[in-house]
Amino acid sequence: MTNVARFKPTCATRQWSSNFATADSADCDISNTPTSIIPKVRAFMVKYFGYLITEGWLHQKALDLGYPPAQTPEDSYNIFSAVPRNVMAAAGVLSYARVRRIKTPQGKYFRCIALACDDPITVGERMSTHPPPEANYKALKEAMGKDGPAHWYRAI
């Protein structure tokens with residue numbers, strides 16, 4: 001492994017500040033930069049596996065659960081944060097499901113109850129990288145009034 005502290009670029013002006021050189025980009029040659037310190041950026045499209053939450057379903061479910069109709073933006077926020085959690089808890093998926101923002105293939109934005117994610121970093125959130133068997137989320141499917149299996153949606 002290359003020692004970063006020993007690395008010095010070939011620059012006309014060398015001003016050092018906590019191991020990073022500051023110089024005019026025209027005066028600096030980074031051809032001798034070790035590739036181990038150049039950040040590698042990966043474009044990764046994260047997808048969530050779950051069911052869409054529509055505004056109509058959300059407000060109807062809130063009324064069914066005994067919440068008063070939303071009169072203010074704060075009421076709408078409270079309904080949005082409480083109702084999906086109540087539904088996930090009643091369906092037994094609260095321990096591994098999360099509410100996430102997604103974009104449909106038609107370009108519309110929604111929130112969804114996500115049961116899995118294809119991004120391995122979400123393991124820390126206790127989300128699986130593989131969709132669960134349909135039997136595990138059957139109660140959620142019935143509570144949401146869905147007919148088919150959950151789908152993969154692109155995260156935003």
Subject >> Y51 side, atom OH; M144 side, atom CE - distance, nearest 0.5 Å >> reply: 8.5 Å
Original post:
What is the distance from atom CD1 of I113 to atom NZ of K146, rounded to the nearest 0.5 Å?
Top reply: 9.0 Å
Original post:
If you link I, L, V, M, F, W and Y whenever their side-chain heavy atoms are under 4.5 Å apart, who else ends up in the same group as I156?
Top reply: Y109
Identify, with sequence neighbours excluded, every residue that meets salt bridge (charged side-chain N to carboxylate O under 4.0 Å, His left out) alongside [X].
X: K141; result: E134
X: E55; result: none
X: R98; result: none

Mind listing the closest non-hydrogen atom pair of [X] and [Y] along with its distance?
X: F110; Y: T104; value: CD1-CG2, 3.6 Å
X: A70; Y: H59; value: CB-CE1, 4.3 Å
X: Y137; Y: P132; value: CE2-O, 3.5 Å

In the single-linkage hydrophobic clustering (I, L, V, M, F, W, Y; side-chain heavy atoms under 4.5 Å), do [X] and [Y] co-cluster?
X: M88; Y: Y48; value: no
X: L94; Y: L65; value: yes
X: V83; Y: F80; value: yes

Is any side-chain heavy atom of [X] less than 4.5 Å from a side-chain heavy atom of [Y]?
X: V93; Y: N136; value: no
X: P84; Y: I53; value: yes
X: L140; Y: V87; value: yes
X: V99; Y: C112; value: no
X: L52; Y: I102; value: yes
X: R154; Y: M45; value: yes

Subject >> Pairs satisfying side chain to side chain donor-acceptor pair (under 3.5 Å), at least one member in residues 61-75, at least two apart >> reply: Q60-D64, Y67-N86, T72-E74, T72-D75
Original post:
Sequence neighbours excluded, which residues qualify as ring-ring contact (aromatic ring centres under 6.0 Å, His included) partners of F49?
Top reply: W152
Subject >> Sidechain-backbone polar pair: D118 side chain, V46 backbone, donor-acceptor under 3.5 Å >> reply: no
